[in-house]
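Before any comments, here is the structure.
This is a predicted model, so every value here is computed, not measured.
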Amino acid sequence: MNDSLRYRFAPSPTGFFHVGGARTALMNWALARSQGGTFVLRIEDTDEARNRPEWTDGIVSALAWLGIDADDPHFEGPLFQSHFAGEHVAAAERLFASGHAYYCEMTPDEIQERAKAEGVNGYQGWSRELGLGPGPGRAMRFRVPEGQTVVADLVRGEVTFDHAVIEDFVLVRGNGAPVFLLANVVDDVTMRISHVVRAEEHLPNTPKQQMIWEALGHEPPVWAHVPVLVNEQRKKLSKRRDKVALEMYRDEGYLAPAMVNYLMTLGWSPGEASEDGSEIIGWDAIEQAFRLEDVNLSPAFFDVKKLGAFNGEYIRAMSIDDLVDACAPFLDAALPEGWDRGRFEAMAPHIQPRLVTLADAPGLIDFLFTDDPVIDEESWDKTMTSEFSAPLLADAVASYASFAVGDWNADQLKATLEDVMHRFGLKLGKAQAPLRVAVTGRTVGPPLFEALEVLGRNETLRRLQVALDRLAA
RNA sequence: GCCCCCAUCGUCUAGGGGCCUAGGACACCACCCUUUCAAGGUGGCGACACGGGUUCGAAUCCCGUUGGGGGUACCA
């Protein structure tokens, strides 16, 4: 372990875990593990979050789902920001004592008025030289010196900010509560954080944080601001308009490794680490290959369709046993209680290449687990209105009825229907359609004869007869 | 308003002066395979925002324009 490499991930609990947060967490994790450093999970527990401990539990379990394991030696935490509250105030006092901060008793309204009257923008350090001491309602502000701050960012290079455009920002509110900006820096200092890897939206605040680091007498950390994730309108992913909760993707049957893989390809490319040019690459390889220096500068669109492609890829790579296990919860939710696991195991290889998410599984095979298939009327109309539908069905019933139980398998069923179709001068694609609708209720689905084999002789014949009766009526 | 960031196919990206008539992946289209739908295979469509420089040579470097995004609270 390299004790001097400490990467922090500092989410605020909000009741769900943001996919953007997942990505930065993953990046920090990859760095900490491959460099032999530590991933520090620090949770910004607000008052509301403290009343809802399940929110912070959610963060830990979301991280665990992603493979960021709290028991891993590289993992430290969770630590809670509120535990350091005393240190926040103490640091502010030191800043005041050393002249880096001063008290100001102007209210936001007064500031706005005066700025308007003077035709200037924002607070102009009006209380700087008043020599005010602490007092009720007085906020502590940072005395921004002349000059400029250069933020050395590992992904974006050196970014220069002119102090002239940074107002004397508030450190501690009039009620004595330190602001987030200060708390954050003090936590980072206290926890000896060496690398701050976070989303780009924090870049404009970084010069302020760097000034605080320096005023506190510390060398600032290595900064790295990675591009934000955006929606189709190129706006930052937001809880209100976008589907951003990691938990929702998990609950819809997206696989963690697929999500992890996809997230890491946003703003970064595995490059040489992927020998075949595909973007499908396992975590171990990602961990070894990931470098902040290789991260892109521009925002990336979170494309659910591409996520789905990755997910399908990962599903197809699963063993049948694993697939069955993974699908089980989704089947529990959708099928009648006590569904036959063996039956699903028999069909699993056939639905595997057809799944985008695990949640798609029940819809593909539910007809095998219900008393009667749900007939899609559109499908019925499309396939049962031909002249040959009824006679073909009748022929099929007659042919299948003569099957011995031991002959009831996909190959024989197919061969027999081929005989039938020849009698009608049809191709298999056409001839199987009425049977498919009669048995499954739909025109599309898993391979028909395999499904019939699983369904069994009696039930298949019964369903075909039901359809025949309906056609006769 | 002010500050900061960004700009290669529809999308995610490769690219760091000649290897680029710009490569891959997802999506899309066509064909093949085929038991419907998928999966798989083959092929196709498709981009360096614009304008100036620098250079023998620019997607790559510089400047500007335009366009996008983010930030700017006694929010976190």
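- The closest side-chain donor-acceptor pair between D366(A) and T370(A), if any, does not fall under 3.5 angstrom.
- Remark: the separation of the P atoms in U42(B) and U54(B) is 47 Å, to the nearest Å.
- Distances were taken from every side-chain heavy atom of A300(A) (C-beta onward) to each of U11(B), C74(B), U13(B); the shortest belongs to U13(B).
- Residues L297(A) and V165(A) both approach RNA chain B. Their nearest nucleotides, taken by heavy-atom distance, put V165(A) toward the 5′ side.
- In terms of polar N and O atoms assigned as donor or acceptor, the side chain of N205(A) never comes within less than 3.5 Å of the base of G71(B) in a complementary pairing.
- Across G46(B) and U21(B), the matching C1' atoms stand 15 Å from one another, rounded to whole Å.
- With rounding to whole Å, Q148(A) atom CD is found 10 Å from C4(B) atom P.
- Comparing U35(B), G69(B), G71(B) by their nearest atom to the side chain of P447(A) picks out U35(B).
- When Watson-Crick and G-U wobble pairs are counted only if both distances are under 3.5 Å, C28(B) pairs with G44(B).
- Note: CG (L452(A)) to P (U35(B)) measures 15 Å, nearest angstrom.
- If you take atom P in A39(B) and the same atom in G1(B), they sit 48 Å apart, rounded to whole Å.
- In the set U35(B), U13(B), C28(B), the nucleotide with an atom closest to the side chain of R436(A) is U35(B).
- Distance from the side chain of R234(A) is smallest for G69(B) among the nucleotides G69(B), G70(B), A7(B).
- When distances are taken from the side chain of K235(A) to each of C74(B), G69(B), C28(B), the shortest belongs to G69(B).
- Nucleic acid contact class of R442(A) (heavy atoms, under 4.0 Å, all strands): none.
- In terms of position along RNA chain B, the nucleotide closest to V159(A) lies nearer the 5' end than the nucleotide closest to the other residue of the pair V159(A) and K414(A).
- The side chain of R141(A) has C74(B) as its nearest neighbour among G71(B), C74(B), A7(B).
- When the options Y314(A), F302(A), Y249(A), W268(A) are evaluated for a ring pair (Phe, Tyr, Trp, His ring centres under 6.0 Å) with Y262(A), the one that passes is F302(A).
- Atom CZ of R138(A) and atom P of C74(B) are 18 Å apart (whole Å).
- Distance, E279(A) CD to G24(B) C1': 7 Å, rounded to whole Å.
- Using a 4.0 Å heavy-atom criterion, one finds that P446(A) contacts the bases of the nucleic acid, with or without backbone contacts as well.
- Taking atom CG of L355(A) as the reference point, atom P of A38(B) lies 14 Å away to the nearest angstrom.
- For G40(B), the OP1/OP2 oxygens have a side-chain nitrogen or oxygen of R316(A) closer than 4.0 Å.
- No engagement by Y262(A) is indicated, since no non-hydrogen atom pair under 4.0 Å with the nucleic acid exists.
- The partner of A49(B) is U65(B), judged by Watson-Crick or G-U wobble contacts that both fall below 3.5 Å.
- Nucleotides C19(B) and G57(B) are separated by 15 Å at their P atoms, to the nearest Å.
- The side-chain contact (heavy atoms from CB on, under 4.5 Å) test with Y102(A) singles out one residue from L132(A), L171(A), D168(A), and that residue is D168(A).
- Separating the P atom of A25(B) from that of U36(B) is a span of 27 Å, rounded to the nearest Å.
- For U35(B), there is no paired base (Watson-Crick or G-U wobble, both distances below 3.5 Å).
- Counting atom types as modelled, E200(A) pairs no side-chain N or O with a base atom of G69(B) as donor and acceptor under 3.5 Å.
- Using a 4.0 Å cut-off between charged nitrogen and carboxylate oxygen, E110(A) and R114(A) do not count as a salt-bridge pair.
- For K236(A) and G71(B), the shortest distance from a side-chain N or O to OP1 or OP2 is below 4.0 Å.
- Atom CZ in F310(A) sits about 10 Å away from atom C1' in U13(B), given to the nearest Å.
- Among the atoms of the strands shown, none is found under 4.0 Å from any heavy atom of G308(A).
- The residue N296(A) sits close only to the backbone: its heavy atoms come under 4.0 Å of sugar-phosphate atoms, none of a base.
- The CZ atom of F180(A) sits 13 Å away from the P atom of G71(B) (whole-angstrom rounding).
- Side-chain atoms of E167(A) lie closest to A73(B) of the nucleotides A73(B), U35(B), A25(B).
- Partner assigned to G1(B) is U72(B), using Watson-Crick or G-U wobble distances below 3.5 angstrom.
- Within the 4.0 angstrom heavy-atom criterion, no nucleotide atom of any strand lies near M421(A).
- On the C1' atoms, G10(B) is 14 Å away from C29(B), given to the nearest whole Å.
- In this structure, the nucleotide among A39(B), G70(B), C26(B) sitting nearest to the side chain of A309(A) is C26(B).
- Base-pair partner of C9(B): not found among the strands shown (Watson-Crick or G-U wobble, both distances under 3.5 Å).
- Set against C12(B), A76(B), C3(B), the side chain of F301(A) has C12(B) as its closest nucleotide.
- Using a 4.0 Å heavy-atom criterion, one finds that T46(A) contacts the sugar-phosphate atoms exclusively.
- Here the closest non-hydrogen pair linking M264(A) and R23(A) is SD-O, 4.5 Å.
- Residue contacts for Q352(A): at a heavy-atom cut-off of 4.0 Å it reaches no nucleic acid atom on any strand shown.
- Looking at D45(A) and S82(A), their side chains do bring a donor and an acceptor atom within 3.5 Å of each other.
- Closest to the side chain of L266(A), out of G70(B), C6(B), C12(B), is C12(B).
- For A7(B) and A76(B), the C1' atoms lie 31 Å apart once the distance is rounded to whole Å.
- Ion pairing between E232(A) and R241(A) fails under the 4.0 Å rule for side-chain N and carboxylate O.
- Classification of R42(A) and D188(A) as a salt-bridged pair holds, one side-chain N sitting under 4.0 Å from a carboxylate O.
- The pair E450(A)-K414(A) does not count as a salt bridge, with every side-chain nitrogen at least 4.0 angstrom from each carboxylate oxygen.
- One can place NE2 of H422(A) at 13 Å from C1' of U35(B), the figure rounded to the nearest angstrom.
- With C1' as the reference atom, G67(B) and C20(B) are 26 Å apart, rounded to whole Å.
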